[in-house]
Amino acid sequence: MFVSQELRKRNIAEYLLYMWQVEDTIRAFDCSLARIRREYIDRFDYTDEQKEELADWYGNLIRMMNQEGCRQQGHLQINRTTLQLLTELHLQLLASPKFPFYNTAYYKVLPFIVELRNRGARKDEGEIETCLNALYGVMMLRLQKREVTPNTEHAVREISTFIGMLSDYYLKDKEEGLKFE
């Protein structure tokens, strides 16, 4: 919760990836708040008040996962909405002649997106979701200390740059408002 609040303020893509990891953490503990408290939250060096606040946050997420039917897989509506906002901004940036660097970055990663889709991405998955799924997948491989090929490393660097640019524009749009025309 404390990490998510900070990430949401400074990098929306990192926030979304973090929230996906939180969803998976909840699933790893079988959506059991008691287990999350005992086996996860109690390990942190937080005050009792902070631990209680964190437990409430996890409890709310568990309740939402149960209500939204994503105990086993999928993402919470709040995370899908954030992804939709990023996707809408992406389309606005591409359609506007005022953001040539963004267009250049997009066309640089487009071959990677196409390749990822050909390897089995869901047909209804948008380009931004494909990019985020690639970043999340590599993050999971690294956490598991599994090998990441040089080609994948290269693709992830390019995708990271592109998604970082989108996140920067998202923040700028929230703070100042972007002018697309």
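The model shown is predicted, which means the values in this text are computed figures rather than measured ones.
When side chains are defined from C-beta on, S160 counts as touching L135, because their heavy atoms get closer than 4.5 Å. Side-chain contact between I78 and T82 is absent, with no heavy atoms from C-beta onward closer than 4.5 Å. Counting only heavy atoms from C-beta outward, the side chains of L83 and T87 approach each other to under 4.5 Å. The shortest side-chain heavy-atom distance between K51 and R37 does not fall under the 4.5 Å cut-off. Looking at I12 and L7, their side chains never come closer than 4.5 Å, going by heavy atoms from C-beta outward. L141 has its side chain out of reach of E147: every pair of non-hydrogen atoms, C-beta onward, lies at least 4.5 Å apart.
For N133, the side-chain hydrogen bond (donor to acceptor under 3.5 Å, both in side chains) partners two or more places apart in sequence, or in a different chain, are E125. Residues forming a side chain to side chain contact (heavy atoms under 4.5 Å, CB included) with Y40 (at least two apart in sequence, or on another chain): T25, F29, I36, R43, F44, Y58. With sequence neighbours left out, the salt bridge (Lys or Arg N to Asp or Glu O under 4.0 Å) criterion links E129 to R122. Remark: Y15 engages no residue in a ring-ring contact (aromatic ring centres under 6.0 Å, His included) (not counting sequence neighbours). In this structure, the side-chain hydrogen bond (donor to acceptor under 3.5 Å, both in side chains) partners of Y136, at least two apart in sequence or on a different chain, are D24. Partners of R142 by side chain to side chain contact (heavy atoms under 4.5 Å, CB included), not counting sequence neighbours, listed by chain and number: V138, V148, E153. Scanning for salt bridge (Lys or Arg N to Asp or Glu O under 4.0 Å) contacts around D30 gives R35, with sequence neighbours left out. Not counting sequence neighbours, the partners of H75 by the ring-ring contact (aromatic ring centres under 6.0 Å, His included) test are W20. Looking at residues two or more places apart in sequence or on another chain, you find no side-chain hydrogen bond (donor to acceptor under 3.5 Å, both in side chains) involving E6. For K108, the salt bridge (Lys or Arg N to Asp or Glu O under 4.0 Å) test picks out E158, with sequence neighbours left out. Scanning for side-chain hydrogen bond (donor to acceptor under 3.5 Å, both in side chains) contacts around Q50 gives T47, with sequence neighbours left out. Legend: residues meeting side chain to side chain contact (heavy atoms under 4.5 Å, CB included) with Q67, ordered by chain and number and at least two apart, are R63.
One side chain, Q77 or R80, offers a donor N or O that lies under 3.5 Å from an acceptor on the other.
Heavy-atom contacts from other residues, nucleotides or ligands closer than 6.0 Å to NZ of K174 number more than 12. Heavy atoms of other residues, nucleotides or ligands lying less than 6.0 angstrom from CD of Q5 number more than 12.
The structure places CG of L89 at 6.5 Å from CG of L178, a figure rounded to the nearest 0.5 Å. How far CG of L33 is from CZ of R38: 10.5 Å, rounded to the nearest 0.5 Å. Expressed to the nearest 0.5 Å, how far OH of Y107 lies from CZ of F162 amounts to 10.5 Å.
Of the possible donor and acceptor atoms, none in the side chain of S96 sits under 3.5 Å from a partner among the backbone N and O of Q92. Proximity of a side-chain donor or acceptor of E23 to a complementary backbone N or O of L76 within less than 3.5 Å is detected. With hydrogens and angles disregarded, no donor-acceptor distance shorter than 3.5 Å links the side chain of D173 to the backbone of Y169. One N or O on the side chain of R27 and one on the backbone of C70 form a donor-acceptor pair closer than 3.5 Å.
Aromatic rings of Y102 and H90 (six-membered ring for Trp) have centroids within the 6.0 Å cut-off, being under it.
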